[in-house]
Amino acid sequence: MKPNTGKGAKVLIIGGGIAGLSAATALCDLGISPLVLEKSPFLGGHAIQFACKATDSCQNCFACSVEEQLRKVTENPQILGTLNSELKRLTKKDGRFMAVIERYPALIDPERCNNCGECFKVCPEADKAAIQEAYSVYNQSRYGINIDRCLYFAKDKSCNRCQEACPENAIALDQDAEKMEREFDAVIVASGFTPADPAEKDQFGYGTHKNVVSALELERILRSRGKAIRPSDEKEPKKIAFIQCVGSRERKRPFCSRACAYALRMAAAIRARQPDIETTTFYIDIQSFGKEFLKTYKALKADIRMVRMIPGDVYQVEGDRLCVSFMDHATHQALDEVFDMAVLSVGLMPGKDNKVLSELLRIDLDETGFFSPPDHTAGRETTQDGIFVAGTARGPMDIADTIADAGKAAWEAARYLITDTTSWRYP
Ligand SMILES: Cc1cc2nc3c(=O)[nH]c(=O)nc-3n(C[C@H](O)[C@H](O)[C@H](O)COP(=O)(O)OP(=O)(O)OC[C@H]3O[C@@H](n4cnc5c(N)ncnc54)[C@H](O)[C@@H]3O)c2cc1C
């Protein structure tokens, strides 16, 4: 039997990052009803945290397009979403998928919350993201509780400080997860990536040296403060070292995370806003993706010092400054240079849930742990009829490629729904 075909068909989208949001909009335009299932309290994924990297002109970092896509989704009543939710089981019967979804209710009532932030101030685990602040005005309420990190859920209801501090009585922690059963005609997996853990590279001192941050943390600083500041004293740094390829292009994970372009744009954006800051980018080599990249690279590198060498060590010295040891490529001399801040350009690793999802959905992972290689000539269908993969769940890609990839996954799902599945084959 065929699934429900054409208009009115229902598609489950796992993940509410830019891939999931783009797939939802594309499906909706085709008259197909999407349900976006997001594990965290907010939509937008990693990219909703990013700062605009414009200098005196737009650098095409695409951060603003994520905000715009989120606006479209939240304003479209045809797109349904469920936050704090996880897929627990998926079976297929008579061509349709039966999904069992576990959903935590909104622990912070968006109708009552006045965004005052008292909950955030009193949370003892706020620095570990037990309470998260949304990055976009389109995420309501502005604060969300992360069940995986909140002490109330982790330690036998041991902490309810946020609930007690809330002046509007908007927080109710004592709520149980509910199970929902829903039927779908197709599934799109858009569960994204996990940033490489910068602490794994202990020679760079992440977690011990105060002014070593990950590129994701710098994105958040730029977005919330509008400029680069040192975490230790909130002062403007004079010299910043960017260290590329942290977590990728190594024996264990030989693939490229395609992060050169946004790290260079980030350095250029800082120089444009804070011209007194000197930036140095330590790199293995520059990988070019997209037809515009070389033009952008030539324009940006004129303003950024580039050192083709990954440093051996980063030590903390007086004033919470950082001494970076590296070998000069030209002279082969060992050098020590002092910076005020170091930024680790973390790579894009397979999503934390990929293994669980691959078992639940009975679809294969490749040898790197992603769902399939990001080969733009290949289809987005999986080893299971009716299940498709979109965005960085397939492998590292930037926002523009993710949006395009999600659009293609939506088209392939639509094609599956309006074609006889037994005769359908991707060319
Ligand atoms: C430091 C850094 C800076 C970057 N800067 C740029 C830039 O300037 N420009 C650019 O083009 N690209 C940039 N990128 C790349 C960009 O982050 C990705 O292209 C983009 O986020 C991919 O979107 P996605 O939806 O595929 O994945 P994600 O952003 O990872 O979103 C996936 C979503 O799925 C949810 N999810 C995960 N598992 C489950 C599950 N089991 N059930 C339900 N939901 C689940 C997650 O909570 C998340 O909301 C950067 C990457 C990094 C690491």
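For ligands, and for the atoms within them, numbers begin at 1 and follow the listed sequence. All residue numbers refer to positions in the sequence shown, counting from 1. When reading the values below, keep in mind they use all heavy atoms of this one structure, side chains included, and skip hydrogens, waters and symmetry mates.
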Mode of E86 contact toward ligand 1 - side chain, backbone, both, neither (heavy atoms, under 4.0 Å)
neither
Just which atoms of ligand 1 are under 4.0 Å from any heavy atom in G45?
29 (O), 31 (O), 48 (C), 49 (O)
Any N or O of I399 closer than 3.5 Å to N or O of ligand 1
yes
Could you tell me, atom by atom, which parts of ligand 1 come under 4.0 Å of a heavy atom of D353?
38 (N), 39 (C), 40 (C), 41 (N)
Between I18 and ligand 1, does any nitrogen or oxygen pair lie at a separation below 3.5 Å?
yes
Considering distance alone, does some N or O of M397 sit under 3.5 Å from an N or O of ligand 1?
yes
Taking CG in D156 as the centre, count heavy atoms belonging to other residues, nucleotides or ligands within less than 6.0 Å. Is the count above 12?
no
Does the side chain of Q69 come under 3.5 Å of the side chain of S65 through a donor N or O and an acceptor N or O?
no
Can you tell which part of A19 has a heavy atom less than 4.0 Å from ligand 1: side chain, backbone, both or neither?
both
For ligand 1, which is the ligand I care about here, please tell me if C61 has any N or O atom under 3.5 Å from one of the ligand's N or O atoms.
yes
Atom 29 (O) of ligand 1: which of E38, H46, K39 has the nearest heavy atom?
H46
Taking everything shown except E111 itself, do over 12 heavy atoms lie less than 6.0 Å from its CD?
no
With no hydrogens and no angle check, is any side-chain donor or acceptor of R271 less than 3.5 Å from a backbone partner on T279?
no
Numbering as shown, the atoms of ligand 1 that approach G192 to under 4.0 Å (heavy-atom distance)
26 (O), 27 (O), 28 (P), 30 (O), 32 (C)
Ranked by distance from atom 8 (O) of ligand 1, the top protein heavy atom is K53 NZ, 2.7 Å
Heavy-atom neighbours of R89 CZ exceed 12 at 6.0 Å:
no
Applying the salt bridge (Lys or Arg N to Asp or Glu O under 4.0 Å) test to E234, which of R225, K227, K210 qualifies?
R225
Counting only N and O atoms by type, is there a donor-acceptor contact under 3.5 Å from the side chain of H209 to the main-chain atoms of F204?
no
Tell me whether F50 has any N or O atom under 3.5 angstrom from an N or O of ligand 1.
no
Under 4.0 Å from one or more heavy atoms of A190, ligand 1 contributes atoms 32 (C), 34 (O)
Atom 42 (N) of ligand 1: nearest protein contact (heavy atom, Å)
I14 CG2, 3.6 Å
Considering both backbone and side-chain atoms of A390, is one of its nitrogen or oxygen atoms within less than 3.5 Å of a nitrogen or oxygen in ligand 1?
no
Applying a heavy-atom cut-off of 4.0 Å, say which part of T392 lies close to ligand 1: side chain, backbone, both or neither.
both
The atoms of ligand 1 lying under 4.0 Å from a heavy atom of A47, numbered in the order shown, are 21 (O)
Establish, yes or no, whether the cationic atom of K10 lies under 6.0 Å from the six-membered ring centre of F184 and within 45° of the ring axis.
no
Location of contacts on L37 toward ligand 1, heavy atoms closer than 4.0 Å
both
Return yes if some donor-acceptor pair links the side-chain N/O of E125 with the main-chain N/O of L151 below 3.5 Å, else return no.
no
Would you call D353 and I14 a side-chain contact if the rule is heavy atoms closer than 4.5 Å?
no
Close-contact set for ligand 1 against A215 heavy atoms, below 4.0 Å:
1 (C)
What I want to find out is whether E412 reaches R415 closely enough, with some N-O distance under 4.0 Å, to be called a salt bridge.
no
V346 side chain near D197 side chain, heavy-atom distance below 4.5 Å:
no
For atom 36 (N) of ligand 1, the closest protein heavy atom turns out to be S191 O, 3.9 Å
